[in-house]
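Let me begin by presenting the structure, written as structure tokens, before commenting on it.
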Amino acid sequence: MEHNKLATAFLDSLDALFDLDVVSELHSLSKGESFILDYLSRHPDSATPGSISGAMKTSTARTAAALRSLEAKGCILRTIDQADRRRVLVELTSFGKSKVEELRKHLYDGAVYALNALGDDAEEFIRLIDKLTDPAPAQKDE
């Protein structure tokens with residue numbers, strides 16, 4: 001198959017892949033409130049609205065809106081840094097921590113389901129994803 005046809009087939013396959021529930025949920029983790037909850041669980045000592053916004057690659061206004069929503073839901077607590085009163089610190093509440101665990105369990109279960117559907121091809125699928133996402137340039141055989 002020529003590369004133009006392969007490119008079309010690849011894009012069609014990606015569309016179908018992103019329609020899968022587990023993949024769309026993983027995608028949602030990369031944006032918005034789910035991202036913030038996950039980020040806070042991995043950065044419990046150094047989370048500021050600015051660091052969250054930078055990691056999300058989104059505007060500070062959008063991040064602030066998501067933080068307000070999470071605070072209203074009881075998932076996070078924002079406090080003034082006592083060492084630098086100009087700085088706001090963001091941390092998970094125990095309710096927020098339980099939400100992160102629920103989210104991770106749900107995503108894990110979805111990944112297990114998807115990999116089970118691949119059967120013997122699951123390891124090859126992971127190998128190919130790793131090959132595509134490897135930051136090192138592809139080495140050509142000489």
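Being a predicted model, the structure only gives us computed values, none of them experimental. In this chain, numbering begins with 1 at the start of the sequence shown.
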Residue pair [X] / [Y], side-chain heavy-atom distance below 4.5 Å:
X    : Y    : value
T79  : V88  : no
P49  : V90  : yes
I76  : E91  : no
L77  : L92  : no
M56  : T63  : yes
I80  : R87  : no
E101 : H106 : no
F10  : L6   : no

Is it true that [X] and [Y] have a side-chain N and a carboxylate O under 4.0 angstrom from each other?
X    : Y    : value
K105 : E102 : no
E33  : K73  : yes
R85  : D81  : no
E124 : R127 : yes

Polar side-chain atom of [X] near backbone of [Y] as donor-acceptor pair, under 3.5 Å:
X   : Y   : result
S51 : A47 : no
T48 : L89 : no
T58 : G54 : no

Closest non-hydrogen atom pair, [X] against [Y]:
X   : Y   : result
T93 : G74 : OG1-O, 2.6 Å
F35 : I52 : CE2-O, 4.3 Å
K99 : C75 : CG-SG, 4.1 Å

*Are I129 and L115 in one and the same hydrophobic cluster, where Ile, Leu, Val, Met, Phe, Trp and Tyr link if side-chain heavy atoms are under 4.5 Å apart?*
yes

*asked:* Quick check on the hydrophobic clustering: are L67 and V100 connected, directly or via other members, by side-chain heavy-atom contacts under 4.5 Å?
replied: yes

Any chance you could measure [X], atom [atom1], to [Y], atom [atom2], to the nearest 0.5 Å?
X    : Y    : atom1 : atom2 : result
L107 : L103 : CG    : CG    : 4.5 Å
I126 : D121 : CD1   : CG    : 11.5 Å
D38  : H43  : CG    : NE2   : 9.5 Å
F95  : L70  : CZ    : CG    : 10.0 Å

*Go through the side-chain N and O atoms of S41 and R104 and say whether any donor and acceptor fall under 3.5 Å apart.*
yes

